[in-house]
Amino acid sequence: MPEGHTLHRLAQSLDAAFAGTTPAVSSPQGPFAEGAALLDGRSVVEASGYGKHLFVEFSGEAWLNVHLGLIGKFAVDRISGYASVPPVWGQVRLRMVNDDYLADLRGATICQVVTPDEVTATLARLGPDPLRADADPARAWAKISRSGRTIAELLMDQAALAGVGNVYRCEVLYRHRVSPFRPGREIRQRTWDAIWADLVRLMPLGVAFNQILTMDDQVEAATELVAAGRVPELTSTWTDSARWIGRGPASEDAVRDADLEDDDDGAEVGGSGMERRYWVYRRAGEACRVCGSRVRTQVVAGRNLFWCGRCQRRR
DNA sequence: CCTCTATGGCGAA
DNA sequence: TCGCCCTAGAGGC
């Protein structure tokens, strides 16, 4: 699930779970043993997201930099009340544990300990991130408006803007009826401004609900829920997560101390409970929800692009 | 049980 | 352009 919203939510979860504490940091199967040893014994200052990168600042100028790639997962779960730390299952690159929380990293493409200078260098390679208050959309516009590459390619270029991935790309282009194949330099500034503003509105909902929401009715509902403070919790209990994922150890009872609390009345585990529904993403061959023509697909910038050839002809 | 696909991105060729 | 990283859900048998 990793577009920018996933990493920003993960940063919030890690922050809630570990900031101000000194977690035990390990690499259970060894591949990150050196880095884990460097971080073990240091306190967590802050976790933050920038584009699709996660940074966790530890005391003493050490930063953990994680990039989930396509298949990485970083599960943050509450383990308060358990008799012992849950066992490792699968390949765990990095494990962080304090009295109340457990975080297991799997399948990431980047997991390294970096210096402040290296953090700065990584950030310097990224374009503005719609999820960050300090983002400057003019930086993205400067690149896009001068480029002969298609807008579909540019939206995926993390140096142009950071955090947008294939789902937001397809969906935001549809929402604005923009042809994915229009070169950046032929996009009107008004159109870009509207796309950026839309991302600034949509992506925080993705963070709050841990799910990409782009359909008007879902966006509206999610906006109201956020205003009312009714959003899924940042962390769930480990047992619930393990069950939800369909994995976990053979002997749960050996690990569990407290009974499962009866908090499954509203708090969804791992997601928002909202139906997965998009305008065009993964709908190849199905009818466009507006004009009825078949949603098309083609590989662009190494990913499957989806668009409506009739609705997205202009702009 | 199996195979396929995926919301990334890098490096080799 | 392709292989690779190596998780996990979906769907077939």
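Letters go in sequence order (proteins before strands), and every chain restarts at 1.
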Rounded to whole Å, the CD-P distance (E3(A) to dA6(B)) equals 14 Å

With a cut-off of under 6.0 Å to the ring centre and 45° to the axis, is R106(A) in cation-pi contact with W89(A)?
yes

Check: For dG9(B), does either OP1 or OP2 sit under 4.0 Å from a side-chain N or O belonging to H67(A)?
Finding: yes

In whole angstroms, the gap separating C1' of dG8(B) from NZ of K73(A) amounts to 12 Å

From the candidates dG8(B), dA6(B), dT7(C), the one with an atom nearest any side-chain atom of N304(A) is dA6(B)

To the nearest angstrom, the CD1-C1' distance between I110(A) and dG9(B) comes to 8 Å

Q. Relative to each other, are the rings of Y168(A) and H5(A) parallel, tilted or perpendicular (30° and 60° limits)?
A. perpendicular

- Message: Does dG8(B) have its OP1 or OP2 closer than 4.0 Å to a side-chain nitrogen or oxygen of K52(A)?
- Response: yes

Out of dT5(B), dC5(C), dT7(C), minimum distance to the side chain of R282(A) belongs to dT5(B)

Atom pairs and distances, donor-acceptor, side-chain atoms in residues 52-69 of chain A, under 3.5 Å, two or more places apart:
{"residue": "K52(A)", "atom": "NZ", "partner": "V164(A)", "partner atom": "O", "Å": "3.1"}
{"residue": "H53(A)", "atom": "ND1", "partner": "N65(A)", "partner atom": "ND2", "Å": "3.2"}
{"residue": "S59(A)", "atom": "OG", "partner": "S43(A)", "partner atom": "N", "Å": "3.1"}
{"residue": "S59(A)", "atom": "OG", "partner": "S43(A)", "partner atom": "OG", "Å": "3.4"}
{"residue": "N65(A)", "atom": "OD1", "partner": "Q112(A)", "partner atom": "NE2", "Å": "3.3"}
{"residue": "N65(A)", "atom": "ND2", "partner": "L54(A)", "partner atom": "O", "Å": "3.3"}
{"residue": "H67(A)", "atom": "ND1", "partner": "G69(A)", "partner atom": "N", "Å": "3.0"}

Quantified in whole Å, what is the C1' atom distance between nucleotide dC10(B) and nucleotide dA8(C)? 22 Å

- Task: May I ask you to say what R303(A) touches in the nucleic acid, namely base, sugar-phosphate or nothing, with a heavy-atom cut-off under 4.0 Å?
- Result: base

When rounded to whole Å, the CG to C1' distance for the pair L70(A) and dC4(C) reads 12 Å

message: Is there a side-chain contact between N166(A) and the phosphate of dG8(B), meaning an N or O under 4.0 Å from OP1 or OP2?
response: no

On the nucleotide dT7(B), are OP1 or OP2 found under 4.0 Å from the side-chain N or O atoms that Y168(A) carries? no

Does E171(A) use its side chain to pair, donor to acceptor, with the backbone of Y281(A) at less than 3.5 Å?
-> yes

### Query
Between W279(A) and Y174(A), what is the ring plane arrangement, given parallel below 30°, perpendicular above 60°, and tilted in between?
parallel

- request: Using the P atoms only, state how far dG9(C) lies from dG9(B), rounded to an integer number of Å.
  value: 22 Å

F306(A) atom CZ is separated from dA6(B) atom P, nearest whole Å, by 6 Å

Testing dG8(B), dG9(B), dA8(C) for proximity to the side chain of Q158(A), the answer is dG9(B)

Here the distance between atom C1' of dT7(B) and atom NE2 of H8(A), to the nearest Å, is 14 Å

R93(A) CZ to dC5(C) C1', in whole Å, measures 8 Å

Atom CG of L155(A) and atom C1' of dG8(B) are separated, to the nearest Å, by 16 Å

